[in-house]
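Report on the following structure.
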Amino acid sequence: MTRISINGHQVSVPPGTMLASALLGSGAFRFRNSVSGEPRAPLCGMGVCFECRVTVDGHPHARSCQVPVREGMEVNT
Ligand code: FES
């Protein structure tokens, strides 16, 4: 299993899991907020809509549907 941190909580997921799947599986359904404060979450699942952006290891705007989990990854929604 691959261990990652999601909003400070440790989660274990199978290796190769895409980050969006790991987030949804952990119960995170609010990936980010729109400029007007609306909750946003994955829509297309293939890197087009940018609705699944999260902060990974301090780098904002990572499209979580395009990023495989990596041991020790720190993710913030
Ligand atoms: S879900 Fe659309 S870019 Fe990730």
Side-chain angles (χ1 to χ4, degrees):
M1 299 296 273
T2 301
R3 290 169 295 174
I4 65 173
S5 169
I6 299 175
N7 295 330
H9 300 283
Q10 295 297 313
V11 175
S12 294
V13 297
T17 299
M18 298 309 282
L19 182 53
S21 296
L23 285 159
L24 291 169
S26 75
F29 299 109
R30 183 181 214 135
F31 283 44
R32 64 182 191 90
N33 294 328
S34 71
V35 291
S36 60
E38 297 293 319
R40 310 307 294 180
L43 179 63
C44 72
M46 59 184 188
V48 176
C49 72
F50 286 71
E51 297 289 4
C52 65
R53 288 175 289 162
V54 295
T55 299
V56 176
D57 296 332
H59 300 284
H61 307 298
R63 287 173 291 168
S64 60
C65 70
Q66 301 297 297
V67 178
V69 295
R70 186 179 63 254
E71 182 70 26
M73 179 182 266
E74 293 188 15
V75 183
N76 288 292
T77 59

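Note that ligands are numbered from 1 as they come in the structure, with each ligand's atoms numbered from 1 the same way.
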(Q) For Val69, run the side chain to side chain contact (heavy atoms under 4.5 Å, CB included) check against Val75, Thr17, Val11 and tell me which one passes. (A) Thr17

Q. How far apart are the C-alpha atoms of Thr77 and Phe29, what are their side-chain angles, what is the distance that settles it, and do they pass the side-chain contact (heavy atoms from CB on, under 4.5 Å) test?
A. CA-CA 9 Å; Thr77 59; Phe29 299 109; over 6 Å; no

Q. Going through the distances and angles, do Arg30 and Arg40 end up as a side-chain contact (heavy atoms from CB on, under 4.5 Å)?
A. CA-CA 6 Å; Arg30 183 181 214 135; Arg40 310 307 294 180; over 6 Å; no

(Q) Restricting to under 2.8 Å, identify the protein N, O or S atoms around atom 4 (Fe) of ligand 1 as residue plus atom. (A) Cys52 SG, Cys65 SG

(Q) Just verifying a value: how many Å separate Ser26 OG and Asn7 CG, rounded to the nearest 0.5 Å? (A) 8.0 Å

**Q.** Between CE on residue Met73 and CZ on residue Arg3, distance to nearest 0.5 Å
**A.** 14.5 Å

Q.
Could you check whether any side-chain N or O of Arg32 sits under 3.5 Å from a backbone N or O of Arg53, counting only pairs where one atom can act as donor and the other as acceptor?
A. no

